[in-house]
*Asks:* 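The structure under discussion is supplied below as structure tokens; questions concerning it will follow.
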There are 2 protein chains.
Amino acid sequence: MATGRTHRPATRSRGIPEATVARLPLYLRALTALSERSVPTVSSEELAAAAGVNSAKLRKDFSYLGSYGTRGVGYDVEYLVYQISRELGLTQDWPVVIVGIGNLGAALAGYGGFASRGFRVAALIDADPAMTGKPVAGIPVQHSDDLEKIINEDGVSIGVIATPAGVAQQVCDRLVAAGVTSILNFAPTVLSVPDGVDVRKVDLSIELQILAFHEQRKAGEEAGAEGGPDSGTDTGAPTAPPAARTAGGSRKGPDGDVPAVMPA
Amino acid sequence: MATGRTHRPATRSRGIPEATVARLPLYLRALTALSERSVPTVSSEELAAAAGVNSAKLRKDFSYLGSYGTRGVGYDVEYLVYQISRELGLTQDWPVVIVGIGNLGAALAGYGGFASRGFRVAALIDADPAMTGKPVAGIPVQHSDDLEKIINEDGVSIGVIATPAGVAQQVCDRLVAAGVTSILNFAPTVLSVPDGVDVRKVDLSIELQILAFHEQRKAGEEAGAEGGPDSGTDTGAPTAPPAARTAGGSRKGPDGDVPAVMPA
DNA sequence: CCATCTTTGTGCACGCGTTCACAAAGACAT
DNA sequence: ATGTCTTTGTGAACGCGTGCACAAAGATGG
């Protein structure tokens with residue numbers, strides 16, 4: 001997962017579990033595809049397959065929205081598209097500002113996903129004076145001095161941060177102070193925000209590192225076929241001295257030299 | 001979260017919970033920052049604050065790795081950096097290929113997060129012949145015809161997909177067939193892969209839609225102080241005609257022009 | 001060497017999320 | 001109208017993740 005919620009004890013908003021909310025966009029996408037192919041109805045089994053989830057989970061998810069299906073038949077595609085769109089708040093227009101128009105910011109500005117479904121890029125903001133006025137994806141970049149003004153005038157409540165990590169918190173603070181209550185953070189930093197503000201983060205490094213972990217595990221597994229599920233009771237508490245060696249030089253012969261294999 | 005694992009019943013890899021693995025990169029980042037400031041030791045409380053998590057959670061997470069702390073003192077920063085790096089497999093070099101060099105792919109290619117920690121962009125691949133040979137972020141783009149060759153020669157096991165949704169599955173299949181076993185997917189599609197292949201996805205649309213949901217809820221709460229948890233008992237089935245709204249199905253003209261990423 | 005103080009490591013309980021399995025509901029054929 | 005067949009909606013059980021609260025461990029001072 002490239003993103004993660006910032007604390008909040010999973011406040012089951014209005015009775016809909018957070019995990020379900022996170023899947024609704026997935027269902028919506030699959031349903032939209034069906035709609036474009038003029039498919040009238042779909043069963044939970046089919047839709048679940050298209051969305052890559054368990055059919056029971058899908059049915060339970062939908063049950064939180066209401067009883068929109070017909071037993072023996074399935075779900076009406078158009079109707080469900082509308083219901084989910086409404087539930088997600090996509091029937092209204094959400095103006096969004098993107099702060100930090102570097103490579104990533106520019107890519108986001110040109111991202112079709114914005115315009116297509118309820119979201120509208122209200123403004124592009126960058127701190128570099130050289131960028132001001134320059135059009136990116138057809139939208140002129142505005143200077144960050146005007147951040148507050150822009151947000152107030154357009155009634156923006158969702159902000160996207162694509163700045164360097166160093167200034168992300170600062171930008172975040174200004175956005176929040178100006179009235180933004182939802183933030184999508186692409187900067188590799190933990191943002192702290194007051195209660196009532198939602199932050200979701202998208203972090204490439206973290207995703208890659210998680211993949212690397214599993215990749216390493218796979219490599220280690222196929223190599224060390226000896227110890228069964230685990231190579232040698234790693235639970236060993238005496239594995240390392242409390243706070244001595246820096247490079248983990250503590251005695252583990254098969255550690256410093258063995259790179260990929262041997263999880264130990 | 002912008003990402004999500006593709007099925008796999010939370011296989012507690014080698015005893016380390018998946019949730020913990022997902023947080024290790026966060027700890028590592030915070031620790032690296034401390035290391036750069038030459039801070040020798042850190043308590044679970046301090047580190048937890050820096051990483052934005054609960055200190056008990058952090059201690060429990062570390063307990064899965066071993067007993068690397070010293071009671072009454074805390075954790076040795078350098079030592080912990082090494083241990084986590086090793087656990088995540090970052091002590092080795094991971095060659096990565098990026099497929100689909102549109103706006104997003106180019107932005108990813110130039111992303112500093114790659115080079116900084118164990119990851120190396122081994123190749124940029126695009127299907128457009130006009131792109132072939134053209135340097136992006138200092139790396140010449142190669143044609144997708146050579147995809148298999150590139151992966152085999154460099155021993156690439158991690159692939160990043162930044163293509164339009166329409167060809168993502170196809171690209172994925174070729175990557176997997178060529179030997180890639182971990183995929184980071186930026187295309188708005190559910191990828192199906194054989195067992196043993198990890199897929200993580202980063203989906204901008206989904207993140208925005210989740211934010212919109214909460215944003216709507218916030219707006220509804222402060223406005224509809226009457227109905228309590230919801231503004232007007234929306235459960236009411238009669239809210240909308242069964243098959244009227246064409247919300248998304250209508251204008252999706254802008255489709256062929258979308259370069260790197262496709263709308264939801 | 002003993003007392004005190006700090007901080008880790010973890011047993012335990014709780015809650016969310018997932019999955020199974022099945023009864024209820026409706027379509028459809030006869 | 002009745003029976004059969006399909007598919008939904010959900011009760012219940014299970015497992016993972018989280019957070020509390022505390023005992024154990026070690027540092028530090030006298």
Side-chain angles (χ1 to χ4, degrees), chain A residues 1 4-24 26-27 40-49 51-77 79-80 83 235-244, chain B residues 1 4-24 26-27 40-49 51-77 79-80 83 235 237:
Chain A
M1 149 184 339
R5 317 186 66 265
T6 299
H7 53 47
R8 165 173 301 198
T11 312
R12 182 176 296 200
S13 322
R14 148 48 184 347
I16 300 183
E18 193 56 34
T20 295
V21 172
R23 280 188 293 268
L24 290 182
L26 218 52
Y27 302 145
T41 62
V42 64
S43 70
S44 64
E45 203 68 50
E46 295 168 323
L47 186 54
V53 303
N54 184 296
S55 69
K57 190 186 295 184
L58 179 142
R59 286 198 300 276
K60 179 145 289 192
D61 283 342
F62 285 174
S63 77
Y64 291 114
L65 307 183
S67 286
Y68 295 151
T70 303
R71 298 178 191 228
V73 177
Y75 299 91
D76 181 283
V77 172
Y79 186 56
L80 205 47
Q83 288 299 341
T235 46
T239 308
Chain B
M1 269 184 195
R5 316 187 67 267
T6 300
H7 54 48
R8 164 174 299 197
T11 312
R12 183 175 295 201
S13 323
R14 172 352 203 18
I16 299 182
E18 193 55 34
T20 294
V21 172
R23 281 188 294 269
L24 291 181
L26 219 52
Y27 302 146
T41 61
V42 64
S43 70
S44 63
E45 203 68 49
E46 294 168 323
L47 186 54
V53 303
N54 184 297
S55 68
K57 191 187 295 184
L58 179 142
R59 287 197 300 276
K60 180 148 292 192
D61 282 342
F62 285 174
S63 76
Y64 291 114
L65 307 183
S67 286
Y68 294 151
T70 304
R71 298 179 190 225
V73 176
Y75 299 91
D76 182 282
V77 172
Y79 186 55
L80 204 47
Q83 290 298 340
T235 46

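In this text the structure is predicted, and so the values were computed from the model without any measurement.
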*Asks:* From CG of A/Asp76 over to P of D/dT7, roughly how many Å is that when rounded to an integer?
*Replies:*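 After rounding, the gap between these two atoms is 16 Å.
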*Asks:* When the distance from CG of B/Leu80 to P of C/dT7 is rounded to whole Å, what number comes out?
*Replies:*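 In whole Å, C/dT7 P and B/Leu80 CG are 16 Å from each other.
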*Asks:* For residues 55-62 of chain B, dump all side-chain donor-acceptor pairs below 3.5 Å to protein atoms at least two apart in sequence or in another chain.
*Replies:*
residue : atom : partner : partner atom : Å
B/Ser55 : OG   : B/Glu45 : OE1          : 3.4
B/Arg59 : NH1  : B/Ser44 : OG           : 3.0
B/Asp61 : OD1  : B/Thr20 : OG1          : 2.6
B/Asp61 : OD1  : B/Arg23 : NH2          : 3.1
B/Asp61 : OD2  : B/Arg23 : NE           : 2.7
B/Asp61 : OD2  : B/Arg23 : NH2          : 3.3
B/Asp61 : OD2  : B/Tyr27 : OH           : 2.5

*Asks:* What pairs of nitrogen or oxygen atoms, one from the protein and one from nucleotides 2-4 of chain C, lie under 3.5 Å apart?
*Replies:*
none

*Asks:* Between A/Val42 and A/Leu47, which heavy-atom pair has the shortest distance, and what is it?
*Replies:* CG2-N, 3.7 Å
*Asks:* Between A/Thr70 and A/Val73, is there a donor-acceptor pair closer than 3.5 Å when you use the side chain of the first and the backbone of the second?
*Replies:*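 Absent.
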*Asks:* For every nucleotide of nucleotides 20-30 of chain C, 5' to 3': is a protein heavy atom under 4.0 Å from its base (B), only from its sugar-phosphate (S), or from neither (-)?
*Replies:* BB--BB-S---
*Asks:* I want to verify a distance call: between D/dG9, C/dG9, D/dT8, whose nearest atom is closest to the A/Ser44 side chain?
*Replies:*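 The answer is D/dT8, which lies nearest to the side chain.
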*Asks:* In whole Å, I'd like the distance from the CZ atom of A/Arg23 to the P atom of C/dC16.
*Replies:* 15 Å
*Asks:* Report the distance from atom CG of B/Leu58 to atom P of C/dT8, rounded to the nearest whole Å.
*Replies:* 9 Å
*Asks:* With respect to the phosphate group of D/dG9, does any side-chain polar atom (N or O) of A/Tyr75 fall under 4.0 Å of OP1 or OP2?
*Replies:*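 Yes, within the criterion.
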*Asks:* Identify the two heavy atoms, one from B/Gly15 and one from B/Tyr64, that lie closest to each other, and give their separation to 0.1 Å.
*Replies:* O-CD2, 3.8 Å
*Asks:* Restricting to non-hydrogen atoms, name the atom on A/Tyr75 and the atom on A/Gly69 that form the minimum distance, rounded to 0.1 Å.
*Replies:* CD2-CA, 3.4 Å
*Asks:* What's the CZ-P distance between B/Phe62 and C/dT7, to the nearest Å?
*Replies:*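 Atom-to-atom, B/Phe62 to C/dT7, this comes out as 16 Å.
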*Asks:* Quick one: B/Leu65 CG to C/dT10 P, roughly how many Å, whole number?
*Replies:* 12 Å
